[in-house]
**Q** 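Got a structure for you, questions after.
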Amino acid sequence: MADTINDRIKEVLEKSPVVLFMKGTPLFPQCGFSNQIVSILNAVGIEYDSVDVLQDPEIRQGIKVYSDWPTFPQLYVKGELVGGCDIVTEMYQSGELAELMQKENIARKN
Ligand SMILES: N[C@@H](CCC(=O)N[C@@H](CS)C(=O)NCC(=O)O)C(=O)O
Ligand code: FES
């Protein structure tokens, strides 16, 4: 069972270089923390996939264990957890987030 969840998570992470696990969708975030990280990703202007953990209790629980990180949002770049709302906000403000996206050659939204 646990293996199945981890396999599903890996599949999602391998499908796209940037994945946001959040509550709701980028168009309709269902929590202020998720809303904030969506605004930041829009401001940085990069392409990303998102997973609505409210629609998927298995992933909601599984990803917490996978990365040993108990909350949402969770931003992944190239399969690695970058952080939640606080960390990503700090990285955005310092310019580190844009730098990371550039370094990893993440596609920009036109
Ligand atoms: N300080 C956190 C704020 C996020 C947070 O506290 N999220 C809570 C409320 S949305 C959460 O995901 N709780 C676990 C859950 O709902 O499964 C961050 O930097 O991301
Ligand atoms: S859903 Fe209540 S704080 Fe995120």
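Computed from heavy atoms alone, side chains included, the values below leave out hydrogens, waters and symmetry copies.
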**Q** Counting neighbours of CD on E104 that are heavy atoms of other residues, nucleotides or ligands and sit closer than 6.0 Å, is the number greater than 12?
**A** yes
**Q** Which atoms form the tightest heavy-atom contact between P17 and I106, and what is the distance?
**A** CB-CD1, 3.8 Å
**Q** Check the hydrophobic clustering (I, L, V, M, F, W, Y; side-chain heavy atoms under 4.5 Å; chains of links allowed) and say if L81 and M22 are grouped together.
**A** yes
**Q** Show the nearest heavy-atom pair for residues S34 and P29, with the distance to one decimal.
**A** C-CB, 4.3 Å
**Q** Looking only at non-hydrogen atoms, find the nearest pair between D49 and S16 and report the distance.
**A** OD2-CB, 3.3 Å
**Q** Should I5 and L54 be regarded as members of a common hydrophobic cluster, given that ILVMFWY residues are connected when their side-chain heavy atoms come within less than 4.5 Å of each other, either directly or indirectly?
**A** no
**Q** By the ring pair (Phe, Tyr, Trp, His ring centres under 6.0 Å) test, which pairs, at least two apart or in different chains, include something from residues 31-75?
**A** none
**Q** If you measure from CD on E58 to CD1 on I9, what distance do you get to the nearest 0.5 Å?
**A** 9.0 Å
**Q** Check G79 against L13 and note the closest heavy-atom contact, atom names and distance.
**A** O-CD1, 4.0 Å
**Q** Examine distances only and state if a side-chain atom of Q61 and a backbone atom of I59 form a donor-acceptor pair shorter than 3.5 Å.
**A** no
**Q** Could you check whether K109 pairs with E47 (Lys NZ or Arg NE/NH1/NH2 to Asp/Glu carboxylate O, under 4.0 Å)?
**A** no
**Q** Given L20, which of V82, D52, L75 fulfils the side-chain contact (heavy atoms from CB on, under 4.5 Å) condition?
**A** L75
**Q** Step by step, work out the side chain to side chain donor-acceptor pair (under 3.5 Å) result for Y76 and Q74.
**A** CA-CA 7 Å; Y76 289 77; Q74 295 189 17; 2.7 Å; yes
**Q** Is a side-chain donor or acceptor of R108 paired with a backbone partner of V44 at a separation under 3.5 angstrom?
**A** yes
**Q** Is V53 linked to I87 within one hydrophobic cluster, defined over Ile, Leu, Val, Met, Phe, Trp and Tyr using a side-chain heavy-atom separation of less than 4.5 Å?
**A** yes
